[in-house]
Number of protein chains: 2
Amino acid sequence: MSILLKRGISRDSGVSLGDQVKANLRSRILKHEWDSGAKIPGEFELAKQYGVARVTIRTALRSLETQGLIDIRHGSGAYVADFGDSIRAGLQELKSITQTIKELGFKAGMLTRTSQIRAATKSESIDLLLESDTKVLHIERAITSDGEVVAFSYDTFAVEGLTTAAIKKISTGSVFAGLDAVDKQPVRARAEIHAISSKEIGWGSGKPRNGLYLQLHQVHYLRDGKPIATGDTFFVEGKFQFIIYRTI
Amino acid sequence: MSILLKRGISRDSGVSLGDQVKANLRSRILKHEWDSGAKIPGEFELAKQYGVARVTIRTALRSLETQGLIDIRHGSGAYVADFGDSIRAGLQELKSITQTIKELGFKAGMLTRTSQIRAATKSESIDLLLESDTKVLHIERAITSDGEVVAFSYDTFAVEGLTTAAIKKISTGSVFAGLDAVDKQPVRARAEIHAISSKEIGWGSGKPRNGLYLQLHQVHYLRDGKPIATGDTFFVEGKFQFIIYRTI
DNA sequence: TCCTCAATAGTTGTCCTACAACTTCAGGAC
DNA sequence: GTCCTGAAGTTGTAGGACAACTATTGAGGA
């Protein structure tokens with residue numbers, strides 16, 4: 001059984017205490033438990049709140065500082081960085097797009113247009129380090145927020161090692177869960193951003209007339225550095241706001 | 001006089017030991033002292049190398065991990081994340097563009113088109129929290145890499161509190177040095193990315209025919225949260241590669 | 001009254017030691 | 001060859017101590 005500390009932090013969940021505290025503090029900050037610019041409790045106080053050592057709190061705080069969420073001042077304390085709500089859609093935490101939409105309070109949806117297993121194209125085989133003609137899972141979807149199309153997504157997965165159950169999960173929308181089920185969770189991703197104007201992209205009534213998109217070309221990697229998925233997401237310009245926040 | 005520890009780390013430079021170690025390790029990683037995916041020395045070994053405590057090394061390592069440069073594995077060690085050279089142009093460290101160009105080994109240049117003090121426009125006064133009609137310094141420049149135009153930049157600075165010497169420094173290219181001279185160094189910035197297609201932007205022979213740009217709209221803030229500068233940089237699509245790397 | 005400055009309490013930064021939890025690898029049993 | 005066990009090495013967490021810095025308070029002087 002799990003040894004529960006305070007505030008839902010547990011000792012044998014497979015995640016380090018520091019990371020758990022970090023996630024918890026992060027969510028408290030994003031929920032506006034403290035105002036922007038306000039001082040959060042001191043390290044000793046937090047250590048008491050969470051029932052962990054001060055060094056554990058420090059690792060969490062330093063990480064949040066590096067992410068730009070707080071500002072630590074020697075001899076004074078840690079203060080919430082003030083960027084209003086924009087943090088939530090920050091590029092540094094480009095997780096699942098649907099999750100970001102949900103966190104912003106909208107209703108996220110997906111419309112799958114095609115989902116098939118076919119031979120990899122040349123560029124896909126390069127990104128995924130596969131022999132050309134290897135079978136891959138290719139999915140084309142439109143992502144909606146409150147029913148309005150905000151992006152078109154063309155994703156490709158290396159199917160080697162994927163079970164049919166996992167493929168089904170991925171196809172029906174939950175990419176994360178599908179990969180997790182076969183222990184193929186990506187731990188890192190690399191993305192390039194481009195501006196593109198094209199009539200070839202998108203479909204249906206959500207397709208913008210000017211054909212202007214912000215293209216995000218991504219490759220997702222496993223812990224051992226092997227690529228597991230690649231894809232392009234085309235954000236309809238103006239429908240989705242990208243924000244970077246940074247410390248100098 | 002400065003108490004020198006090992007590897008150029010000093011005890012009274014006004015910068016914390018952890019941050020100094022972090023900067024030093026970061027530069028060692030970017031200089032490829034270790035191969036991608038290779039294991040860097042252990043915490044005890046690094047502590048001995050730098051002449052500081054293990055906890056100091058840990059804060060530096062955790063920060064580098066959050067930035068995505070290394071991958072720390074419990075019970076094993078810290079490994080250099082493998083993204084080739086792309087890290088150097090990462091969006092997370094969107095410092096001066098010219099500096100990025102230099103780090104990539106190209107020759108950076110600037111062509112100033114206009115530089116004047118005039119009344120703030122409506123959008124500028126909103127970004128900088130000024131009364132409209134307040135005087136601001138506005139500069140329009142083209143940024144070049146090896147002589148080729150890669151971006152057009154339209155920047156605006158709040159002149160209140162700036163000396164004429166500082167304004168001159170900013171106008172002649174070194175924005176950073178100019179602001180530093182009057183102790184108005186920005187510590188944080190917020191940026192939005194957009195795709196834009198426009199014939200109004202850019203000038204001269206470097207202006208792309210298709211008018212396609214990646215627009216970066218930025219506002220720079222001082223430590224106390226006050227905005228000091230704002231501006232738009234329009235990157236000519238295809239001339240400059242933006243890369244995001246992230247951990248999940 | 002207002003300003004200056006020193007004392008003070010509170011907070012983060014660094015150091016030390018110790019042990020727990022995890023990974024890796026070598027060597028032995030089968 | 002394969003599997004298992006144990007040892008060694010590494011990171012994670014704990015606790016205590018002091019240094020360095022900040023913010024506040026209050027006394028003293030103009």
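Quick note on labels: first sequence line is chain A, next is B, and so on, each numbered from 1.
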Between [atom2] on [N] and [atom1] on [X], what's the gap in Å once rounded to a whole number?
| X | N | atom1 | atom2 | result |
| --- | --- | --- | --- | --- |
| Asp19(B) | dG13(C) | CG | P | 9 Å |
| Arg62(B) | dT10(D) | CZ | C1' | 15 Å |
| Leu46(B) | dT10(D) | CG | P | 11 Å |
| Glu43(B) | dA20(C) | CD | C1' | 15 Å |
| Lys22(A) | dG12(D) | NZ | P | 12 Å |
| Glu45(A) | dG10(C) | CD | P | 13 Å |
| Ile57(B) | dC15(C) | CD1 | C1' | 13 Å |
| Leu61(B) | dT10(D) | CG | P | 13 Å |

query: Got Leu61(B) and Ile40(B) here, is their nearest side-chain heavy-atom distance under 4.5 Å?
result: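 Yes; the side chains approach each other to less than 4.5 Å.
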
field: Phe157(B) side chain reached by Ile228(B) side chain, heavy atoms, under 4.5 Å
entry: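 Result no, sub-4.5 Å side-chain heavy-atom pair not found.
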
query: Is there a side-chain polar atom (N or O) of Arg58(A) under 4.0 Å from OP1 or OP2 of dT12(C)?
result: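 For dT12(C), neither OP1 nor OP2 has a side-chain N or O of Arg58(A) closer than 4.0 Å.
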
message: Quick check for you: among dA14(D), dC16(C), dG12(D), whose closest atom lies nearest to any side-chain atom of Ser16(A)?
response: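 Among dA14(D), dC16(C), dG12(D), the one nearest the side chain of Ser16(A) is dG12(D).
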
- prompt: Judged by atom type as modelled, is there a donor-acceptor pair below 3.5 Å linking the side chain of Ser76(A) to the main-chain atoms of Arg73(A)?
  reply: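 Here the side-chain-to-backbone pair does not exist.
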
task: Select from Ile40(B) and Thr56(A) the residue whose nearest nucleotide in DNA chain D is closer to the 5' end of that strand.
output: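 Taking each residue's closest nucleotide, the earlier one in sequence belongs to Ile40(B).
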
message: Please evaluate residues Asn24(B) and Tyr50(B) with respect to the criterion side-chain contact (heavy atoms from CB on, under 4.5 Å), reporting the C-alpha separation (whole Å), side-chain torsions for both, the decisive distance (0.1 Å), and the verdict.
response: CA-CA 10 Å; Asn24(B) 189 289; Tyr50(B) 285 97; 2.7 Å; yes

query: Between Gln215(A) and His217(A), is any side-chain donor less than 3.5 angstrom from a side-chain acceptor?
result: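 Per modelled atom types, Gln215(A) and His217(A) side chains form no pair under 3.5 Å.
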
message: Looking only at side-chain N and O atoms, does Thr156(A) offer a donor or acceptor that is under 3.5 Å from a partner on Thr230(A)?
response: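 Checked: Thr230(A)/Thr156(A) side chains show no N/O donor-acceptor pair below 3.5 Å.
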
Partner set under side chain to side chain contact (heavy atoms under 4.5 Å, CB included) for Thr59(B), not counting sequence neighbours: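 Thr59(B): side chain to side chain contact (heavy atoms under 4.5 Å, CB included) contacts with Arg62(A).
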
query: Reading nucleotides 17-24 of chain D from the 5' end, what letters show protein touch, with B for base, S for backbone sugar-phosphate only, - for no heavy atom under 4.0 Å?
result: B--BBSS-

